[in-house]
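Just below is one structure, and these are the notes that go with it.
Please read all numbers here as calculations on a predicted model, not as lab measurements. Every chain is numbered from 1, with letters handed out A, B, ... down the list of sequences. Every heavy atom of this structure was used, including side-chain atoms; hydrogens, water molecules and symmetry mates were not.
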Amino acid sequence: MHAYRTHTCGELRKKDVGIRARLSGWVNRRRDHGGLLFIDLRDHYGITQCVVEPDSPAFAEVDKARSEWVLTLTGKVVARSADTINEDMPTGEVEIHIEEVEVQGVAQELPLPVFGDLDYPEDTRLKYRFLDLRRERLHRNITLRSKVISSIRRRMIEQGFTEFQTPILTASSPEGARDFLVPSRIHPGKFYALPQAPQQFKQLIMVAGFDRYFQIAPCFRDEDARADRSPGEFYQLDLEMSFVTQDDVFAAVEPVLHGVFEEFAEGRKVSPAPFPRIPYDESMLKYGVDKPDLRNPIVITDISGVFAREDVAFKAFKEKTVRAVPAPGAAVQPRSFFDKMSDWARNEMGAPGLGYIVFEDEGGTLTGKGPIAKFLPPAALYEMAQKAGVVAGDALFFAADAKKDRAAALAGQARIRLGRELGLIKEGEFRFCWIVDFPMYEWNEDEKKIDFSHNPFSMPQFKRDLFLALDPANRDAILGIKAYQYDIVCNGVELSSGAIRNHDPDVMLKAFEIAGYPREETEQKFAGMLNAFRYGAPPHGGTAPGIDRIVMLIAGVDNLREVTMFPMNQQAQDLMMNAPGEASLKQLRELHIRVVKPEKA
RNA sequence: GGGGGCGUAGCUCAGUUGGUUAGAGUGACGGCCUGUCACGCCGUAGGUCGCGGGUUCGAGCCCCGUCGCUCCCGCCA
């Protein structure tokens with residue numbers, strides 16, 4: 001008989017009755033009936049009830065065992081009597097009558113109980129991650145993550161993609177985030193950077209003549225954490241293809257994402273391919289964000305024109321961008337509902353307020369109620385209702401600002417909030433969309449200069465010779481340029497961004513020049529890639545959906561730590577391994593590093 | 001860097017307007033119990049109320065500072 005087990009703890013069934021079996025696992029639960037002692041033994045696969053009676057030679061030893069001790073139990077598999085069958089357990093029709101026991105590992109009193117489904121403080125969970133991971137929910141999530149990744153990998157390979165590894169110790173990659181640096185021992189004063197993404201490598205893979213590359217790629221960015229953004233490191237499904245248009249990339253990615261979500265949907269609805277394509281400008285207008293949650297039925301409208309009418313006396317909104325956010329059925333809400341929205345806009349959004357009108361039906365005519373309504377004659381009210389698509393019983397909230405972007409953003413946040421507060425968001429659905437035609441550049445008001453608005457390696461949607469001839473001072477023309485740049489969004493979560501890349505060295509130098517980088521600097525900073533592009537570069541493009549966020553959506557959790565095996569805390573510390581830690585003087589000397597601690601304020 | 005929330009037994013939490021010896025559940029320990037599956041019953045131990053200072057006759061509670069965690073803003077295209 002095997003030293004540790006003949007079966008797993010999730011394996012034994014009625015058909016096994018009569019055999020002698022050996023199980024190893026953790027004591028999930030101990031129930032002492034004096035003359036009779038039950039041990040629920042748990043391993044990765046499941047739980048099996050084991051029983052020992054006082055006349056068994058093993059009784060005294062089993063009696064000592066406590067929660068989370070590791071035991072090897074040997075005994076006969078016995079059918080439970082009809083009245084003791086546990087239908088909630090897969091192994092509930094049988095139990096083991098313990099004849100032998102071996103203690104493999106004892107456990108101290110637990111700082112974090114494994115049994116039960118209570119919530120525990122994050123620092124306790126992180127410090128004792130190995131205990132937290134034993135618990136059913138986390139154990140299931142991490143297993144799910146693995147299944148999702150193998151499903152992705154299988155689907156990518158089926159579509160003709162090939163997986164390659166790219167370096168972890170590399171040069172700084174220009175994704176815009178802060179780099180993690182690794183000092184070089186051999187080259188004093190020089191540093192490797194951990195890749196923020198394998199961006200340049202995957203483009204070089206295309207230049208190298210490979211096609212359809214993918215990788216479940218670790219990415220490193222030294223930026224502060226959020227619930228859906230781990231500090232330091234995360235994984236992307238990184239992919240790149242040659243000789244493709246934007247539509248080809250979409251057509252390659254859609255079946256993978258749709259397939260994976262469908263595979264683990266468990267009854268939830270998944271957008272069929274092709275996913276809707278929404279231009280960036282349209283998304284900013286209708287949803288006020290570039291990552292709309294399409295489960296939310298609210299659509300924002302621009303009604304600046306209504307407040308500009310001569311017969312509208314409400315001066316505060318004149319000459320401003322006014323966006324209307326419908327609140328379907330909100331007429332029945334108490335006054336406090338509207339006050340709370342306004343408080344929220346003031347306190348959290350830094351807005352002067354959030355005006356509103358409640359639409360009602362009075363004898364067949366549409367009327368408006370609320371502080372602003374009296375400034376609008378019936379004709380203006382009617383025009384507004386028409387434009388915003390509201391009827392009697394609905395309300396309209398107004399986001400107004402002299403700056404278009406700020407009005408859009410406030411409206412977008414109000415839309416999200418109203419959707420939640422009014423219970424309008426349909427659960428049990430995965431609604432995908434592509435956001436396309438991102439602007440290539442944006443105006444940096446602080447530094448009074450033109451910046452790349454997203455990925456600097458995207459191909460501008462502009463005729464080559466006209467682009468090369470652009471005057472960098474022609475701000476209007478430049479800010480109007482769109483890029484072949486796209487995001488994929490699911491339920492308001494940005495899963496990835498991607499682009500058709502700029503593979504033309506002249507266009508690339510020009511693109512950087514417009515953003516204020518002299519040619520020499522671009523040449524030097526991206527020497528590897530620019531150089532490669534001068535020896536025959538294919539048109540190529542790709543994208544990189546975030547693995548962690550995909551698993552979060554599928555697992556239905558709102559924190560990355562629920563789907564990450566060994567996460568760090570918000571301060572980017574590993575409380576279990578005590579990382580980051582100090583380096584010894586010897587290590588520092590070898591690396592030619594001296595530590596200068598910040599002065600305490 | 002900034003803002004909100006939290007910090008009381010090993011663990012999860014309660015603790016009224018500032019007022020006697022800070023409680024419960026769970027876990028631990030001891031006892032009883034032969035069919036439980038969150039077993040049940042009885043008992044015992046377990047507390048620097050995050051830390052420091054202040055107000056007060058009196059502080060877990062109020063004030064100031066500080067530390068830790070968390071969520072958000074900045075940042076991350």
Side-chain angles (χ1 to χ4, degrees), chain A residues 28-42 47-56 59 64 66-68 78 80-89 91-92 95 97 107-128 131-132 174-179 196-197 199 219-232 234 280 290-291 347-350 413 435 438-442 444 446 451-458 483 485-487 494 496-499 515 544 546 558-559 561 569-571 573 575 598 600-601:
Chain A
N28 193 56
R29 206 72 185 152
R30 174 186 185 275
R31 289 180 298 279
D32 181 359
H33 288 247
L36 185 67
L37 179 57
F38 295 97
I39 297 285
D40 289 341
L41 202 67
R42 181 196 75 239
I47 293 177
T48 299
Q49 173 168 284
C50 306
V51 200
V52 67
E53 298 193 19
D55 52 2
S56 163
F59 185 85
K64 289 182 196 155
R66 292 294 179 270
S67 285
E68 299 308 310
V78 176
R80 297 203 204 176
S81 64
D83 56 322
T84 62
I85 286 174
N86 186 342
E87 286 175 12
D88 298 331
M89 291 170 74
T91 60
E95 63 193 13
H97 284 202
Q108 301 176 10
E109 190 173 348
L110 300 167
L112 190 155
V114 172
F115 177 79
D117 198 26
L118 271 173
D119 273 329
Y120 294 94
E122 287 295 334
D123 46 345
T124 309
R125 293 183 62 189
L126 291 175
K127 186 166 180 192
Y128 299 98
L131 291 178
D132 203 18
E175 296 293 307
R178 198 177 290 116
D179 282 317
Q196 294 183 30
Q199 179 71 30
C219 305
F220 306 90
R221 295 179 189 179
D222 187 7
E223 296 293 347
D224 289 346
R226 290 288 182 277
D228 64 347
R229 202 171 78 202
S230 13
F234 60 98
Y280 174 85
D290 60 2
K291 45 178 183 177
N347 298 334
E348 287 181 49
M349 297 300 294
Q413 293 307 310
I435 306 299
F438 275 81
M440 183 86 189
Y441 297 102
E442 64 190 12
N444 182 334
D446 295 338
D451 277 349
F452 285 113
S453 82
H454 293 86
N455 188 322
F457 299 117
S458 305
Q485 157 107 35
Y486 37 83
D487 278 5
E494 181 195 319
S496 71
S497 60
D558 51 16
N559 194 303
R561 285 188 291 258
N569 70 4
Q570 199 182 29
Q571 276 70 244
Q573 296 165 304
L575 297 177
K600 280 205 171 159

Practice item. State whether A:D40 and A:R31 are salt-bridged, where the test is any N-O pair (Lys NZ or Arg NE/NH1/NH2 against Asp/Glu carboxylate O) under 4.0 Å. Key: yes
So, is A:R31 close to the B:U36 phosphate, meaning a side-chain N or O under 4.0 Å from OP1 or OP2? no
**Asked** If only side-chain N and O atoms of A:Q570 are considered, is one of them under 4.0 Å from the OP1 or OP2 phosphate oxygen of B:C71?
**Response** yes
Regarding the side chain of A:Q571, the nearest nucleotide among B:C69, B:G35, B:C76 is B:C69
- Query: Under the 3.5 Å rule, do the base of B:G74 and the side chain of A:D224 count as making a donor-acceptor pair?
  - Reply: yes
When rounded to whole Å, the CZ to P distance for the pair A:F452 and B:C76 reads 15 Å
Taken to the nearest 0.5 Å, the spacing of A:L110 CG from A:T124 OG1 works out to 12.5 Å
Exercise. OP1, OP2 of B:C73 versus side-chain N and O of A:R226: anything below 4.0 Å?
Worked result: yes
From NZ of A:K127 across to P of B:G7 the rounded distance in Å is 20 Å
| So, are A:E68 and A:R30 salt-bridged, with charged N and O less than 4.0 Å apart? | no
> If you measure from the C1' atom in B:U20 to the same atom in B:G60, how many Å do you get, rounded?
Replying inline: 16 Å
As its Watson-Crick or G-U partner within any shown strand, both distances under 3.5 Å, B:C69 has B:G5
Which part of the nucleic acid does A:R125 contact within heavy-atom distance under 4.0 Å: base, sugar-phosphate only, or nothing? nothing
Taken to the nearest 0.5 Å, the spacing of A:S453 OG from A:M440 CE works out to 8.0 Å
note: A:L36, atom CG; B:C32, atom P; distance rounded to Å ~ 16 Å
More than 12 heavy atoms of other groups within 6.0 Å of A:D123 CG:
yes
>> Need one value for A:R178: base, sugar-phosphate or nothing, where a base atom within 4.0 Å counts as base even if backbone is also close, heavy atoms only.
In response: nothing
- Any N or O donor-acceptor pair linking the side chain of A:D123 to the base of B:C69 at under 3.5 Å? no
Practice problem: Indicate, with a heavy-atom threshold strictly under 4.0 Å, whether A:E122 touches base, sugar-phosphate, or nothing. | Solution: sugar-phosphate
Notebook entry, point to check: Counting just side-chain N and O atoms, does A:R561 come under 4.0 Å of either OP1 or OP2 of B:C71?
Noted result: yes
Checklist entry - Within the pair A:N559 and B:C71, is there a side-chain N or O less than 4.0 Å away from OP1 or OP2? => result yes
Report yes if at least one side-chain N or O of A:Q49 is closer than 4.0 Å to OP1 or OP2 of B:G35; otherwise report no.
no
TODO: Have a look at A:R80 and say if it touches a base, only the backbone sugar-phosphate, or nothing, with a 4.0 Å heavy-atom cut-off.
DONE: base
Whole-Å distance, A:F59 CZ to B:U34 P, equals 10 Å
Ranking B:C37, B:U12, B:C72 by distance to the side chain of A:A227, first place goes to B:C72
_If you compare every side-chain N and O of A:Q108 against the phosphate oxygens of B:G10 (OP1, OP2), does one of them come in below 4.0 Å?_
no
Practice problem: Between B:C29 and B:C39, how far apart are the P atoms? Round to whole Å, please. | Solution: 15 Å
What distance, rounded to whole Å, do you find between the two P atoms, one in B:U66 and one in B:C11?
-> 27 Å
C1'-based separation of B:G46 from B:G10 [nearest Å]
9 Å
Task: A:D32 (side chain) and B:C33 (base): donor-acceptor pair under 3.5 Å - done: yes
When rounded to whole Å, the CZ to P distance for the pair A:R221 and B:C76 reads 10 Å
Rounded to whole Å, the CG-C1' distance (A:D83 to B:C37) equals 13 Å
C1'-based separation of B:G23 from B:G15 [nearest Å]: 7 Å
> Is a donor-acceptor pair below 3.5 Å formed from side chain A:E95 to base B:G35, judging by atom type as modelled?
Replying inline: yes
A:R42 atom CZ is separated from B:C37 atom C1', nearest whole Å, by 15 Å
Contacts of A:Q573 and A:V51 projected onto RNA chain B by closest heavy atom; the upstream (5') one is A:V51
Practice prompt. Determine, answering yes or no, if A:H33 is stacked on B:C39 under the 5.5 Å centre rule and the 30° plane rule.
Written response: yes
By the Watson-Crick or G-U definition, both distances under 3.5 Å, B:G30 is matched with B:C42
Among the nucleotides B:G10, B:C37, B:C76, whichever has the atom closest to the side chain of A:T84 is B:C37
Report yes if a side-chain nitrogen or oxygen of A:R229 is closer than 4.0 Å to either non-bridging phosphate oxygen (OP1 or OP2) of B:C72; otherwise report no. no
What is the nucleic acid contact for A:Y120, judged by heavy atoms within less than 4.0 Å: base, sugar-phosphate only, or nothing? sugar-phosphate
Between the NZ atom in A:K127 and the CG atom in A:L575, the distance rounded to the nearest 0.5 Å is 8.5 Å
When rounded to whole Å, the CD1 to P distance for the pair A:I47 and B:A38 reads 10 Å
Spacing of the P atoms in B:C37 and B:G31 (rounded, Å): 23 Å
To the nearest 0.5 Å, atom CG of A:L36 lies from atom OG of A:S56 at 11.5 Å
- Task: For A:S453, report the nucleic acid contact type (base, sugar-phosphate, nothing); a contact means any heavy atom under 4.0 Å.
- Result: sugar-phosphate
* Asked: Using the P atom in both, what is the distance from B:A14 to B:C72, to the nearest Å?
  -> 23 Å
inquiry  = Using a heavy-atom cut-off of 4.0 Å across all strands, would you classify A:F115 as base, sugar-phosphate, or nothing?
reply    = sugar-phosphate
Residue pair A:F38/A:R30 against RNA chain B: nearer the 5' end by closest nucleotide is A:F38
Tell me whether the rings of A:Y441 and A:F452 are parallel (<30°), tilted (30 to 60°) or perpendicular (>60°).
parallel
- Message: Does A:D117 reach a base, just sugar-phosphate, or nothing at all? Heavy atoms under 4.0 Å.
- Response: nothing
Taking the P atom in each of B:U26 and B:C41, what is the distance between them to the nearest angstrom? 8 Å
query = Does NZ or CZ of A:R125 fall inside the cone over A:Y120's six-membered ring, less than 6.0 Å from its centre and within 45° of the axis?
reply = no
